[in-house]
Number of protein chains: 2
Amino acid sequence: MSHLINISEAASLALHGLVIVAQQSPDKVNAKYLAEKLNASEAHLAKIFQRLSKSGLIKSFRGPTGGFMLNKPAEEISFLDIYEIVESKIILNNCPLDKAGCTFENCIFGDALKNISQSIYQTFKNIKLSNFIE
Amino acid sequence: MSHLINISEAASLALHGLVIVAQQSPDKVNAKYLAEKLNASEAHLAKIFQRLSKSGLIKSFRGPTGGFMLNKPAEEISFLDIYEIVESKIILNNCPLDKAGCTFENCIFGDALKNISQSIYQTFKNIKLSNFIE
DNA sequence: CTTATTTCAGTATTTAAGTACCAGAATTAT
DNA sequence: ATAATTCTGGTACTTAAATACTGAAATAAG
């Protein structure tokens, strides 16, 4: 069984975790709590939030009462932002392979994949953390 | 750098290789030739074509003058068929994770990903080997 | 100032994909 | 028949990504 879209567990944990952080805002939320809420490994989740913190998307605080909180308004954080921090920058290319030496004159995929990639890109851009706060 | 769409090198080799097979039809084409043409490892390509052969998409012949040829008309072979043989059956699901214990009442991704998956699915279905024969 | 708690950073382990190897079976040509 | 060629099937190696672990640093509270 395989999915057509590339979303790692890491990216999903980041998104879901940040939704929780946004919902609790302005309270801080720690890694242990998030891991429990998300049924996930605390180690894995901690690693991911470390990266989010380094990237400036969230602020972190150590010690008792420590935890994470957003570093900017929920309206300004999209799934695209999160995805690119966790996975890496997105390539919006026609050919899904980076193979330098493709021997075909015209890419077999035509424009089909470029269009789809762009549509996914827009979708990710439109998913904002603020969507999940009531 | 990451792609939004999941296409392994194996799936790509299968598609590109089969295009060549279709173009040379009804001549047989062997693994060595294909690997050279595609700038790919012969071992890897041979393994992939073994699977395509087992699945009934192509016919294989051993011995000198051996090789591969299509087992049905090029119009009836889509990239979707190839993809599903090489990667595995596609899941058209909303949530890109198979996580059983998601703790969110409503899937964060809404219908967005289901729609996109379906659009990719259709695109793959519309790419036929016959498109590449002039 | 001591203890408990939490993030941090580096490293290690696991898993999956890709690649390589090799002996065996089938087939063609000599 | 014999030799050369090509697919087959199993296994093993390599590499990269994903995930897990562990000790150190920081902070808050008693």
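Letters go in sequence order (proteins before strands), and every chain restarts at 1.
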Please classify the nucleic acid contact of [X] as base, sugar-phosphate, or nothing, using heavy-atom distances under 4.0 Å.
{"X": "Phe61(B)", "result": "sugar-phosphate"}
{"X": "Ala10(A)", "result": "sugar-phosphate"}
{"X": "Ala46(A)", "result": "nothing"}

Polar pair under 3.5 Å, donor/acceptor by atom type, side chain [X], base [N]:
{"X": "Gln50(A)", "N": "dA9(C)", "value": "yes"}
{"X": "Lys54(B)", "N": "dG9(D)", "value": "no"}
{"X": "Arg62(A)", "N": "dA25(D)", "value": "yes"}

For [X] and [N], give me the distance from atom [atom1] to atom [atom2], rounded to whole Å.
{"X": "Leu45(A)", "N": "dT6(C)", "atom1": "CG", "atom2": "C1'", "value": "13 Å"}
{"X": "Ile48(A)", "N": "dA9(C)", "atom1": "CD1", "atom2": "C1'", "value": "16 Å"}
{"X": "His44(B)", "N": "dA12(D)", "atom1": "NE2", "atom2": "C1'", "value": "15 Å"}
{"X": "Leu52(A)", "N": "dT7(C)", "atom1": "CG", "atom2": "P", "value": "13 Å"}
{"X": "Ile58(A)", "N": "dC8(C)", "atom1": "CD1", "atom2": "C1'", "value": "13 Å"}
{"X": "Glu42(A)", "N": "dT5(C)", "atom1": "CD", "atom2": "P", "value": "13 Å"}
{"X": "Glu9(A)", "N": "dT14(C)", "atom1": "CD", "atom2": "C1'", "value": "14 Å"}
{"X": "Glu87(B)", "N": "dA17(C)", "atom1": "CD", "atom2": "P", "value": "8 Å"}

Choose from [options] the nucleotide whose nearest atom is closest to any side-chain atom of [X].
{"X": "Phe68(B)", "options": "dC7(D), dT5(D), dG18(C)", "result": "dC7(D)"}
{"X": "Lys47(A)", "options": "dA20(D), dG10(D), dC8(C)", "result": "dA20(D)"}
{"X": "Ala43(A)", "options": "dA4(C), dC21(D), dG18(C)", "result": "dC21(D)"}

Flag side-chain contact, heavy atom, 4.5 Å: Lys72(B) against Leu57(B):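 Answer yes - side chains close enough.
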Note, Glu87(B) side chain near Ser8(B) side chain (heavy atom, < 4.5 Å):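 Yes, at least one pair of side-chain atoms sits under 4.5 Å.
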Please test Phe61(B) against Lys28(B) for side chain to side chain contact (heavy atoms under 4.5 Å, CB included), starting from the C-alpha separation and ending with a verdict. CA-CA 8 Å; Phe61(B) 303 88; Lys28(B) 284 171 278 183; 3.3 Å; yes
Nearest nucleotide by nearest heavy atom, which residue falls closer to the 5' end of DNA chain C, Lys32(A) or Lys28(B)? Lys32(A)
If I compare all heavy atoms of Phe132(A) with all of Gln23(A), which pair ends up nearest, and what's the gap?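 The answer is O-NE2, 3.0 Å.
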Within less than 4.0 Å of OP1 or OP2 of dG18(C), is there a side-chain N or O belonging to Ser41(B)?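 Looking at the OP1 and OP2 atoms of dG18(C), neither is under 4.0 Å from any side-chain N or O of Ser41(B).
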Would you say Thr65(B) reaches dT28(C)'s phosphate, i.e. side-chain N/O to OP1/OP2 under 4.0 Å? no
Tell me whether the rings of Phe109(A) and Phe79(B) are parallel (<30°), tilted (30 to 60°) or perpendicular (>60°). perpendicular
Position toward the 5' end of DNA chain D (nearest nucleotide), Gly66(A) or Ser53(B):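 Counting from the 5' end, the first nearest nucleotide belongs to Ser53(B).
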Just by distance, with hydrogens left out, do Thr123(A) and Asn126(A) show a side-chain donor and acceptor under 3.5 Å apart?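 There is no such pair between these side chains.
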